[in-house]
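Predicted, not measured: the structure shown is a model, and the values here were computed from it.
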Amino acid sequence: MSAYVIARLQEADPHPEIAEYIERISATFEPYGGRFLVRATQLEVLEGDWPGHLVMIGFPGTAEARAWWDSPAYQEIAPLRSRHIDGDIILVEGIPHGYDPASAAKAMRQAVTS
């Protein structure tokens with residue numbers, strides 16, 4: 001099942017270390033099958049509050065995503081970002097092939113009436 005590393009990053013002033021991080025990050029996740037799905041693009045807030053930018057990297061599975069995160073290559077460059085940009089980063093599994101939200105709703109209704 002696919003997995004995703006999702007980051008909500010605050011606005012930051014330009015800095016040479018951030019530029020270096022951006023230059024080097026792809027080489028750290030590509031060996032694990034990772035690829036950018038979303039990277040600091042403009043977003044439109046439809047509900048609520050969402051300060052900053054969204055970055056999303058897709059991986060074949062959680063094992064590959066975790067291996068990338070823990071890799072010496074990524075850990076070497078992570079401070080280049082974290083010294084200058086605050087944010088929240090999560091790892092989440094995708095939904096299984098064939099997921100049916102109606103079945104999930106049915107199970108929820110059954111749990112409520114039990």
From [X] [atom1] over to [Y] [atom2], what is the distance, rounded to the nearest 0.5 angstrom?
X	Y	atom1	atom2	value
Tyr32	Asp70	OH	CG	9.0 Å
Gln75	Trp69	CD	CH2	7.0 Å
Ser2	Leu37	OG	CG	9.0 Å
Ile6	Arg8	CD1	CZ	12.0 Å
Trp68	Phe29	CH2	CZ	7.5 Å
Glu64	Ser71	CD	OG	13.0 Å

Taking the side chain as everything from C-beta on, heavy atoms only, tell me whether [X] gets closer than 4.5 Å to [Y].
X	Y	answer
Ile57	Tyr4	no
Ile25	Ile77	yes
Leu54	Arg39	no
Leu91	Phe59	no
Glu11	His53	yes

Query - ILVMFWY network linking Leu80 to Phe36, side-chain heavy atoms under 4.5 angstrom - result: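 Looking at the clustering, Phe36 is in the same group as Leu80.
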
Query raised in the report: Do you reckon Met56 sits in the same ILVMFWY cluster as Leu43, going by side-chain contacts under 4.5 Å, direct or chained?
Result: yes

Check [X] against [Y] and note the closest heavy-atom contact, atom names and distance.
X	Y	answer
Ala78	Tyr21	CA-CE1, 4.2 Å
Ala3	Gly61	CB-C, 3.4 Å
Pro96	Met1	N-SD, 3.9 Å

**Report entry** Steps toward side-chain contact (heavy atoms from CB on, under 4.5 Å) verdict (Ile85, Ile18)
**Finding:** CA-CA 8 Å; Ile85 303 174; Ile18 297 170; 3.9 Å; yes

Requested in this report: Go through the steps for Ile90 and Val5 under the test side-chain contact (heavy atoms from CB on, under 4.5 Å), then give the verdict.
Outcome: CA-CA 6 Å; Ile90 62 170; Val5 172; over 6 Å; no

Query raised in the report: Do Glu76 and Arg24 meet the salt-bridge criterion of a basic N to acidic O distance under 4.0 Å?
Result: yes

Heavy-atom count check: over 12 atoms from other residues, nucleotides or ligands less than 6.0 Å from [X] [atom1]?
X	atom1	value
Met108	CE	no
Arg83	CZ	yes
Asp13	CG	no

Requested in this report: Any chance you could lay out the side-chain contact (heavy atoms from CB on, under 4.5 Å) test for Ile89 and Arg81, step after step, and finish with the verdict?
Outcome: CA-CA 12 Å; Ile89 302 174; Arg81 173 195 44 79; 3.7 Å; yes

